[in-house]
4 protein chains.
Amino acid sequence: MTPPAHARRNEKSREAIIAAAFELCAERGFAATTIEAIAARAGVGKQTIYRWWGSKAEVLIEGVRIHRDASAGFPDTGDIRADMATQTGNVMRLFHTEFGAIWRGLIAAAQTEEAAAEGVRRILRVSIDEGVARLERARELGQLRAGLDPELAIELLYGPIYHTWLLRTRPVDEHYMTEVLAALGPALFTEPTAG
Amino acid sequence: MTPPAHARRNEKSREAIIAAAFELCAERGFAATTIEAIAARAGVGKQTIYRWWGSKAEVLIEGVRIHRDASAGFPDTGDIRADMATQTGNVMRLFHTEFGAIWRGLIAAAQTEEAAAEGVRRILRVSIDEGVARLERARELGQLRAGLDPELAIELLYGPIYHTWLLRTRPVDEHYMTEVLAALGPALFTEPTAG
Amino acid sequence: MTPPAHARRNEKSREAIIAAAFELCAERGFAATTIEAIAARAGVGKQTIYRWWGSKAEVLIEGVRIHRDASAGFPDTGDIRADMATQTGNVMRLFHTEFGAIWRGLIAAAQTEEAAAEGVRRILRVSIDEGVARLERARELGQLRAGLDPELAIELLYGPIYHTWLLRTRPVDEHYMTEVLAALGPALFTEPTAG
Amino acid sequence: MTPPAHARRNEKSREAIIAAAFELCAERGFAATTIEAIAARAGVGKQTIYRWWGSKAEVLIEGVRIHRDASAGFPDTGDIRADMATQTGNVMRLFHTEFGAIWRGLIAAAQTEEAAAEGVRRILRVSIDEGVARLERARELGQLRAGLDPELAIELLYGPIYHTWLLRTRPVDEHYMTEVLAALGPALFTEPTAG
DNA sequence: CGTTAACCGAGACGGTACGTCCCGTCTTTTC
DNA sequence: GAAAAGACGGGACGTACCGTCTCGGTTAACG
């Protein structure tokens, strides 16, 4: 999404733009954030944004990627059920922060704008791969239901999360993930061996 | 979303506006569809749109509702697994038509605009309730796993559909729903009684 | 230059735009006057300017035309030499006011922009015709050199005025027009009959 | 307008810039010619233009000066009326070439920009002085009306030329200068001696 | 004869204005 | 009195250039 790193590029401007975009999304939401406002807040000419990114979505995606790279990966305590609960809980919590609002905006943009879709996909790919890797380790310990495709398993898990978060068909309380995991248990995991 | 039906209201305009909105979304996509273009296409003053709806999303939601009311409900052949496969297959097929593009746009709008979110929610509510009703009938036949909340079950099923459709993390082939249902089977259903 | 008078047109905006354009030209000069600034000063959307005029030059030309229509015509005391001195003196004085700066800008614009050239031409046409009419009256009194084309005579007179004013090859003192008229006398007029 | 010749200055760039400026003015007109385009066409950095000139007008003025220095001066056949006709005819012809379009642009720029005005003035000064010198020679031969200021005479002559050329109040045919000279004759010259 | 300072091409940068597109409101006229 | 038509004030769009500012790379004068 970003043209290949350019020697002459001003790193300070790049950072200021991403930071301004995040601030403005936090303050007034994704839809009300404009390139003009980002440029003004960052103390930058509009052209400098258009030179390196194709839309506000691409700016934010670069910011999200940086944010994501700096955050913890999938937990691995050896207990796959517990780790899944931890991870999905983290995700749901994240979704209710400012970051969630930005991510929501990006997913909306991705419905319309191919570049945004590509960025969203790339970000999700990493998370999915982490989840798949964790499931592979669980499989080696015999914790996974036989014949289960790990990537499909991740979708079974994240699907309901995104469904309730994006479509808001019902209020989500803090036990939601517990219920989802409990219900999905028989589809995903072998019975935990007794204590 | 629509003000209470008004005696004086011009029914022809109402229909022309909704039809124009659908056409334009089909031709140029949700994001590129504007109120001005809808009004021009419908041969209507802009004010007439603003008088009765709050945004293009609301116009489309009314159209989607009409469309939905005219379509078949949840199938019920007695075989819950087969009916689920039929229904989810229908949904996925629908998502790849022009209607899908509109629905995609409305979900995007719902991330930002409360009125759209409300409309989306109301439309989904009906579909979910139909699914829940179908599952209740299955439960009476002992086809459902004990202790399963039917609404949660619907989310376990539709979650992955929306996840792959909205986030496009991977190409979806025609067997996708078969695999999802197979994987979810142990979580949702009792073993089908032999022959 | 202006589209045919339109019933729906907002007269207040039209006047505010012309007034704002004049003010801004007076304050910062023709070149530094922008459509954006005119719109802002007039409390008007830019589109409202672009809807009715093609450029700032056309706005100003409309203003100049109104200004010109409201001003006195060619003097006629019976003494053609004196009237010419009065008139050319008035013109030169006018050229050193704010109005002169605007007229200067419009002539500059006319070098580049056909619509401005057309406007300038139309404004000048009226003044030239007035001069021609005055000379025709002088001819009837036998004050004009035989065989002189009155329109050419006007050009012989105004030519040096515009030459010094636009090209500024030398400072112009208040006697300049006296000298020009004295020098042109033999070319234009018959000897005044001794009195 | 040009800083004092500098030893290090790249002569090739200087020439390329002036040539590019002339080409671009010829192709798209003075107003549409930009410093960026000149730099690109000349294969030169923008800074190299800004280092040596203050504006595109100054670049063109330097080019015009070179052009002018290379062209013939005022003719002198001994017959002042004929020489004036020759010279003014040459000028009017020149005004209808590409060079005329550039000169027109510079005069327009001079209305707004002091440096351009200064350049225009300097170029005109030389031509006026040549004309004045020619008239002085005519005076010695008794061809000039007594008491006529030669510089004023030049303005009486060039005034109408610039008036019609810049203000375009009427189409100018090839006899225009003949008529102007014929009409001005009594103001400028003594009667040609018979035979 | 190596150093060094200016010039050079290139082009990113902070800006300003452009002319356009729509927004949602308002006004006029018609049915 | 709803509806068509569309002008209006406004805000953002994405683009074009402005004039300034690095950045390496020549290149010519000086030490």
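Fair warning: this is a prediction, and the values are worked out from it, not measured in the lab. We name chains A, B, ... by the order of the sequence lines, and we start the count at 1 in each one.
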Quick one: [atom1] on [X] to [atom2] on [Y], what's the gap to the nearest 0.5 Å?
X      : Y      : atom1 : atom2 : answer
C:T33  : C:I38  : OG1   : CD1   : 6.0 Å
A:E58  : A:L106 : CD    : CG    : 10.5 Å
C:H67  : C:F99  : NE2   : CZ    : 5.5 Å
D:E62  : D:I123 : CD    : CD1   : 10.0 Å
B:R121 : B:I61  : CZ    : CD1   : 10.0 Å

If I take atom [atom1] in residue [X] and atom [atom2] in nucleotide [N], what distance separates them, rounded to the nearest angstrom?
X     : N      : atom1 : atom2 : result
B:K56 : E:dC22 : NZ    : P     : 10 Å
B:I49 : E:dG24 : CD1   : P     : 11 Å
B:N10 : F:dA4  : CG    : C1'   : 11 Å
A:K12 : E:dG14 : NZ    : P     : 12 Å
B:I17 : F:dA3  : CD1   : P     : 8 Å
A:R14 : E:dG14 : CZ    : C1'   : 19 Å
A:R41 : F:dA12 : CZ    : C1'   : 17 Å
A:I38 : F:dC13 : CD1   : C1'   : 13 Å

Original post:
When you look at B:W103 and B:V120, which way does the side-chain contact (heavy atoms from CB on, under 4.5 Å) test go after all the steps?
Top reply: CA-CA 9 Å; B:W103 188 230; B:V120 164; 3.9 Å; yes

Original post:
Nearest nucleotide by nearest heavy atom, which residue falls closer to the 5' end of DNA chain E, A:A42 or D:A42?
Top reply: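 In this pair, the answer is D:A42.
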
**OP:** Name the residue closer to the 5' end of DNA chain E, choosing between C:T34 and D:E11 according to the nucleotide with the nearest heavy atom.
**Re:**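 Per heavy-atom nearest nucleotide, the more 5' residue is D:E11.
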
Original post:
Under a 4.0 Å heavy-atom cut-off, which of residues 20-33 of chain B touch DNA chain F?
Top reply: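 Close to the strand, none.
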
Subject >> Contacts of B:R104 that satisfy salt bridge (Lys or Arg N to Asp or Glu O under 4.0 Å) - sequence neighbours left out >> reply: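 Per chain and number, B:R104 pairs via salt bridge (Lys or Arg N to Asp or Glu O under 4.0 Å) with no residue.
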
**OP:** Just jot down the salt bridge (Lys or Arg N to Asp or Glu O under 4.0 Å) partners of D:R28, sequence neighbours excluded, or say none.
**Re:**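 With neighbours one apart ignored, the set is empty.
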
[X] vs [N]: side-chain N/O to OP1/OP2 distance below 4.0 Å:
X     : N      : answer
A:W53 : F:dG14 : no
C:T48 : F:dG9  : yes
A:W52 : E:dG11 : no

Between [X] and [Y], which heavy-atom pair has the shortest distance, and what is it?
X     : Y      : result
D:A57 : D:E113 : CB-OE2, 3.8 Å
A:V64 : A:F22  : N-CZ, 3.7 Å
B:R14 : B:W53  : CG-CH2, 3.7 Å

**OP:** Starting at the 5' end of nucleotides 19-31 of chain F, put B wherever the base has a protein heavy atom under 4.0 Å, S where only the sugar-phosphate does, and a dash everywhere else.
**Re:** BBB-B-----S--

**OP:** Take the C1' atoms of the five end pairs on each side of the helix from E:dC1-F:dG31 to E:dC31-F:dG1, derive the two axes, and give their angle rounded to 10 degrees.
**Re:**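 So the angle between the two local helix axes works out to 10°.
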
For a quick test of your reading: what N or O donor-acceptor pairs under 3.5 Å do the side chains of residues 42-49 of chain D make, sequence neighbours left out?
residue	atom	partner	partner atom	Å
D:K46	NZ	D:E36	OE2	2.8

Subject >> Side chain of D:S13 - closest among E:dA12, F:dC8, E:dG9 >> reply: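 Per side-chain heavy atoms of D:S13, the pick is E:dG9.
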
